[in-house]
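Position 1 is the first residue of the sequence, and the numbers go up from there.
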Amino acid sequence: QLQLVESGGGLVQPGGSLRLSCAASGVTLDRVVVGWFRQAPGKEREGISCISLNSDTTVYADSVKGRFTISRDNAKNTVLLQMDSLKPEDTAVYYCATQGSFYGRSFCTLAPLYDYWGQGTQVTVSS
């Protein structure tokens, strides 16, 4: 059974950093597209980053470009999201998700295309 578990969230001051991990069981993450999403209270779920099957393509939403970095740790079967220069508006529950095919950069952060989701980890950016 495929299961995704996010970790690494917490409380951080503005300008700080966090590294989120998405660990998987029941699937080898380097064989699927992995996306990171977030949802703030009262807002729709936002796709913020994804990484293609062979990691040759990474996509970032404008809201996080230049501050967040997605990568794979194949030895640990995890996908990481390094978040730097965090802002209060980054406060949200962060989710990872997987899909079996890469449909292109324009589709990589669309939530309906993803099949499996983790339970999320809370990130709070506040002084």
Side-chain angles (χ1 to χ4, degrees):
Q1 182 177 356
L2 192 154
Q3 187 174 16
L4 302 174
V5 178
E6 302 93 339
S7 62
L11 174 64
V12 64
Q13 292 187 342
S17 298
L18 285 173
R19 189 175 72 171
L20 304 184
S21 294
C22 174
S25 58
V27 65
T28 302
L29 284 182
D30 65 358
R31 298 180 181 178
V32 295
V33 177
V34 179
W36 281 98
F37 298 79
R38 67 185 181 186
Q39 189 165 19
K43 295 188 176 181
E44 293 186 354
R45 189 167 295 190
E46 175 190 16
I48 57 172
S49 185
C50 67
I51 188 165
S52 63
L53 287 160
N54 55 6
S55 303
D56 64 349
T57 300
T58 55
V59 176
Y60 299 95
D62 288 342
S63 57
V64 306
K65 196 173 296 182
R67 301 188 297 122
F68 290 11
T69 304
I70 191 171
S71 63
R72 295 183 184 274
D73 184 342
N74 292 334
K76 296 182 179 180
N77 200 28
T78 62
V79 170
L80 306 173
L81 186 69
Q82 178 67 39
M83 307 189 297
D84 299 317
S85 302
L86 283 162
K87 306 174 181 179
E89 51 263 44
D90 294 318
T91 295
V93 178
Y94 284 69
Y95 302 88
C96 64
T98 65
Q99 59 167 300
S101 300
F102 183 68
Y103 298 103
R105 299 181 65 88
S106 298
F107 302 94
C108 197
T109 53
L110 296 182
L113 295 179
Y114 284 79
D115 304 307
Y116 297 95
W117 293 79
Q119 293 300 306
T121 185
Q122 176 70 46
V123 171
T124 302
V125 185
S126 175
S127 55

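The shortest side-chain heavy-atom distance between Leu18 and Phe68 does not fall under the 4.5 Å cut-off. Side chains of Asn74 and Leu29 form no contact here, defined as non-hydrogen atoms less than 4.5 Å apart. Taking the side chain as every heavy atom from C-beta outward, Thr121 and Val93 never approach each other to under 4.5 Å. A 4.5 Å side-chain heavy-atom check between Cys108 and Tyr114 finds at least one atom pair inside the cut-off. Residues Ser126 and Leu11 are in side-chain contact: their nearest non-hydrogen atoms beyond the backbone lie under 4.5 Å apart. Annotation: side chain of Tyr116 is not in contact with side chain of Val32 (no heavy-atom distance under 4.5 Å). Between Leu20 and Met83, some side-chain heavy-atom pair lies under the 4.5 Å cut-off. Tyr60 places none of its side-chain heavy atoms less than 4.5 Å from the side chain of Thr109.
Comment: Asp62 engages Lys65 in a salt bridge, judged by a side-chain N to carboxylate O separation of less than 4.0 angstrom.
By the rule that hydrophobic residues join a cluster once side-chain heavy atoms approach within less than 4.5 Å of another member, Ile70 and Tyr94 end up as members of one cluster. In the hydrophobic clustering of this structure, Trp36 groups with Ile51; members are Ile, Leu, Val, Met, Phe, Trp, Tyr whose side-chain heavy atoms approach within less than 4.5 Å, directly or through other members.
Checking side-chain atoms of Asn77 against main-chain N and O of Val27 turns up a donor-acceptor pair under 3.5 Å. Thr91 places a side-chain N or O within donor-acceptor distance of the main-chain N or O of Val125, the cut-off being under 3.5 Å.
The OG1 atom of Thr98 lies 5.0 Å from the CG atom of Leu2; values are rounded to the nearest 0.5 Å. Within the model, atoms CG of Leu81 and OG1 of Thr69 stand 8.0 Å from one another, a figure rounded to the nearest 0.5 Å. Once rounded to the nearest 0.5 Å, the distance linking OG of Ser49 with CD of Gln82 reads 12.0 Å.
Between Asp90 and Arg67, the closest heavy-atom pair is OD2-NH1, 2.7 Å. Nearest heavy-atom pair, Ser127 versus Pro14, reported as atom, atom and distance to 0.1 Å: N-CD, 3.7 Å. Pairing each heavy atom of Asp56 with each of Ser52, the nearest pair is OD1-OG, 2.8 Å. Ser85 and Ser17 make their closest contact through N-OG, 4.4 Å (heavy atoms, listed as atom of the first residue, atom of the second, distance). When all heavy atoms of Gly118 and Tyr95 are compared, the closest pair comes out as O-CD2, 3.6 Å. What you find for Val64 and Ile48 is that their closest heavy atoms are CG2-O, 3.5 Å.
For Gln122, the CD atom is densely surrounded, since the number of other residues' heavy atoms within 6.0 Å is greater than 12.
Using a 30° and 60° split on the angle between ring planes, Phe37 and Trp117 fall in the tilted class, from 30° to 60°.
Screening Leu80, Val34, Asn54, Thr78 for a side-chain contact (heavy atoms from CB on, under 4.5 Å) with Arg72, the sole residue that qualifies is Val34. Considering Glu46, Glu6, Glu89 as possible partners of Arg38, the one that fulfils the salt bridge (Lys or Arg N to Asp or Glu O under 4.0 Å) test is Glu46.
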